[in-house]
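Here's the structure, in structure tokens; my notes come after.
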Amino acid sequence: MSRHTFLILGAEGQLGKAFKRFLASYDIAFSAPQEKNCDITDAYNLEKIVKRASPTVIINCAAYNAVDDAEEEKELAYMINYTAIENLIEICNLHQIKLIHYSTDYVFDGTKGNLYTEEDETAPLNVYGQSKLAGERIVVEKAHDFIVFRTSWVFGDGAQNFIYKLRQWAKRNKVLKISCDEVSVPTFVDDIVHVTLKATNKNLGGLFHLTNTGYASRYEWARHVINTLDMDHTIIPVPMNTFPCKARRPLFVPMSNESLSKELGIDIPHWKNSVKQYLLAL
Ligand SMILES: NC(=O)c1ccc[n+]([C@@H]2O[C@H](COP(=O)([O-])OP(=O)(O)OC[C@H]3O[C@@H](n4cnc5c(N)ncnc54)[C@H](OP(=O)(O)O)[C@@H]3O)[C@@H](O)[C@H]2O)c1
């Protein structure tokens with residue numbers, strides 16, 4: 001199915017786990033070292049791992065994703081989301097390896113009032129978004145062979161996603177307050193994996209938006225989860241500023257996946273269908 005050999009970095013995260021599951025199920029050659037053996041900020045060790053694995057494609061799922069903590073851990077956020085990426089690019093260029101890297105909708109400030117395309121101006125509101133923007137820029141500038149995918153509201157196997165948190169809150173409360181003015185696109189790791197591998201097999205290059213289709217507020221997303229799971233909770237829509245956070249967040253940042261869909265000749269599933277598929281498999 002694939003002529004490539006993959007190295008997965010950040011293999012214990014939501015997306016990394018989905019890649020491992022998929023590649024193993026199709027008998028595609030890959031290595032996926034655990035984070036304790038493969039800290040991407042350790043350039044020397046990273047190069048040793050790359051040489052040993054001898055991949056044709058590196059899929060970098062590793063990232064510093066703690067949006068609020070990043071306000072106080074700026075240096076660490078930049079070390080993982082920018083400096084480590086610069087080192088990774090050097091290794092990829094030296095060994096003629098294609099680099100697949102992921103960025104975020106938080107590179108935008110949310111003021112456009114319409115779906116964001118790849119041509120839109122970036123203007124991140126928080127340190128996390130700034131560090132991810134620095135990372136994607138260095139890939140675009142320096143990597144010889146790359147794809148950067150901007151994605152959003154990723155959900156899959158893990159505790160650091162909205163569906164997991166919602167189900168935890170729902171265990172303790174019958175009434176849930178969820179923000180209705182924060183809008184983006186819930187995106188399923190399995191869809192990211194399928195589209196990434198399709199793009200890799202087609203030898204695509206460049207920066208693309210990879211989200212599920214459609215968009216939603218957190219409130220609409222929560223209602224869809226509660227309804228799909230046949231739960232009888234009450235959900236109250238509230239403004240995002242009901243929940244004070246350290247990091248500023250953009251309000252309306254859904255991205256259009258049209259450019260990528262056209263390039264690959266595919267329809268990327270609607271977020272509602274993918275959420276349902278994920279929940280029914282739990
Ligand atoms: N999650 C979202 O909603 C979202 C939204 C937009 C974009 N994205 C992007 O999508 C990509 C995949 O995200 P995800 O949801 O799969 O994230 P995730 O579940 O947080 O996984 C990231 C993984 O990277 C690991 N990691 C952190 N620092 C590392 C280091 N120095 N060396 C090696 N590994 C390290 C983390 O380990 P620890 O857990 O031990 O730190 C974690 O296993 C990332 O680029 C992310 O920025 C995610």
Side-chain angles (χ1 to χ4, degrees), residues 7-22 31-46 49-50 58-70 73 75-88 99-108 116 124 126-136 138-139 146-166 182 184-193 195-196 207-212 216 218 221 247 249-250 253-255 257 271 275 278:
L7 172 62
I8 314 292
L9 302 175
E12 304 301 311
Q14 302 189 82
L15 186 56
K17 279 193 244 171
F19 270 110
K20 284 193 291 187
R21 187 168 25 85
F22 185 88
S31 343
Q34 289 183 338
E35 191 199 335
K36 63 174 165 31
N37 302 323
C38 183
D39 177 347
I40 63 163
T41 64
D42 180 348
Y44 176 73
N45 188 42
L46 188 59
I49 285 171
V50 171
I58 294 181
I59 302 184
N60 179 35
C61 304
Y64 180 102
N65 279 330
V67 177
D68 288 307
D69 294 346
E73 294 186 329
E75 215 172 295
L76 182 61
Y78 269 82
M79 203 191 293
I80 297 170
N81 291 343
Y82 170 70
T83 313
I85 307 309
E86 193 171 23
N87 293 331
L88 185 56
L99 175 62
I100 312 280
H101 182 68
Y102 297 90
S103 187
T104 170
D105 53 340
Y106 278 16
V107 297
F108 298 114
Y116 280 95
N126 53 45
V127 170
Y128 164 74
Q130 288 154 6
S131 69
K132 292 294 287 183
L133 179 61
E136 62 165 60
I138 195 91
V139 176
F146 72 90
I147 316 179
V148 172
F149 290 117
R150 288 190 188 132
T151 188
S152 61
W153 287 2
V154 176
F155 63 93
D157 181 7
Q160 271 310 316
N161 69 65
F162 180 69
I163 296 182
Y164 180 88
K165 287 178 190 161
L166 182 73
E182 194 187 357
S184 192
V185 190
T187 302
F188 186 23
V189 285
D190 286 23
D191 295 320
I192 301 180
V193 168
V195 177
T196 298
L207 183 150
F208 295 93
H209 290 176
L210 197 184
T211 62
N212 277 119
R218 291 242 188 231
W221 187 8
R249 285 171 168 74
V253 276
M255 299 182 291
N257 62 28
W271 69 267
V275 167
Y278 168 73

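Order of listing sets the numbers, starting from 1, for every ligand and every atom in it. These values consider heavy atoms only, across backbone and side chains, with no hydrogens, waters or symmetry-generated copies.
Looking at Thr151 against ligand 1, both its backbone and its side chain come within 4.0 Å, counting heavy atoms. Heavy atoms of Ser103 found under 4.0 angstrom from ligand 1 belong exclusively to the backbone. Heavy atoms of Tyr64 found under 4.0 angstrom from ligand 1: none, in either backbone or side chain. Only the side chain of Ile80 comes within contact range of ligand 1, with a heavy atom under 4.0 Å; no backbone atom does. With a heavy-atom cut-off of 4.0 Å, Phe19 does not touch ligand 1 at all. At a heavy-atom distance under 4.0 Å, atoms from both the backbone and the side chain of Ala63 approach ligand 1. With a heavy-atom cut-off of 4.0 Å, Gln14 touches ligand 1 through backbone and side chain alike. By the criterion of a heavy-atom distance under 4.0 Å, the backbone of Cys38, and not its side chain, is placed next to ligand 1. By the criterion of a heavy-atom distance under 4.0 Å, the side chain of Lys132, and not its backbone, is placed next to ligand 1.
Looking at every heavy atom in both residues, Ile49 comes nearest to Pro33 through CG2-CG, 4.0 Å. Across every non-hydrogen atom of His101 and Gly135, the tightest pair is NE2-C, 4.4 Å. A pairwise comparison of heavy atoms in Ala77 and Val127 identifies CB-CG1, 4.5 Å as the closest pair. Closest heavy-atom contact between Ser131 and Tyr82: O-CB, 4.3 Å. In plain terms, the two heavy atoms of Cys61 and Leu15 that are nearest each other are SG-CG, 3.8 Å.
Glu35 OE2, 3.5 Å is the protein heavy atom nearest to atom 29 (C) of ligand 1. Scanning the protein for heavy atoms near atom 32 (N) of ligand 1, the closest one is Ile40 N, 2.9 Å. Ranking the protein heavy atoms by distance from atom 4 (C) of ligand 1 puts Val154 CG2, 3.5 Å first. Of all protein heavy atoms, the one closest to atom 22 (C) of ligand 1 is Cys61 O, 3.5 Å. Protein heavy atom closest to atom 46 (C) of ligand 1, with residue, atom name and distance, is Asn65 OD1, 3.3 Å. Protein heavy atom in closest approach to atom 43 (O) of ligand 1: Gly13 N, 3.2 Å.
No more than 12 heavy atoms of other residues, nucleotides or ligands sit less than 6.0 Å from atom OH of Tyr164.
Atoms of ligand 1 lying under 4.0 Å from any heavy atom of Trp153, numbered from 1 in the order shown and given with element: 3 (O), 5 (C). The distance from ligand 1 to the heavy atoms of Ala62 drops below 4.0 Å at these ligand atoms: 24 (O), 33 (C), 34 (N), 35 (C). Which parts of ligand 1 touch Tyr102 is read off a 4.0 Å heavy-atom cut-off, strictly below it: atoms 10 (O), 11 (C), 45 (O). In summary, the atoms of ligand 1 found under 4.0 Å from a heavy atom of Leu15, numbered by their order in the structure, are 12 (C), 16 (O). The contact set between ligand 1 and Asp39, taken as ligand atoms under 4.0 Å from a residue heavy atom, comprises 30 (C), 31 (N), 32 (N).
Between the Lys132 side chain and the Tyr106 main chain, no donor and acceptor come within less than 3.5 Å of each other.
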| salt bridge (charged side-chain N to carboxylate O under 4.0 Å, His left out) assessment of Arg249 paired with Asp105 | CA-CA 10 Å; Arg249 285 171 168 74; Asp105 53 340; over 6 Å; no
| message | One pair to check against side chain to side chain contact (heavy atoms under 4.5 Å, CB included): Thr41 and Thr83. What are the steps and the verdict? | response | CA-CA 7 Å; Thr41 64; Thr83 313; over 6 Å; no
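Relative orientation of the Trp221 and Trp153 rings is parallel, given thresholds of 30° and 60° on the angle between their planes.
Every ring pair (Phe, Tyr, Trp, His ring centres under 6.0 Å) that Phe149 has, sequence neighbours left out, goes to Tyr102.
Residue contacts with ligand 1 include Tyr128, since one of its heavy atoms falls under 4.0 Å from the ligand.
Under the 4.0 angstrom criterion, atom 39 (O) of ligand 1 counts as lacking any protein heavy-atom contact.
The side-chain contact (heavy atoms from CB on, under 4.5 Å) test with Thr211 singles out one residue from Asp191, Val195, Thr187, and that residue is Thr187.
Using a 3.5 Å distance cut-off with no hydrogens or angles, the side chains of Asn65 and Gln160 do not pair a donor with an acceptor.
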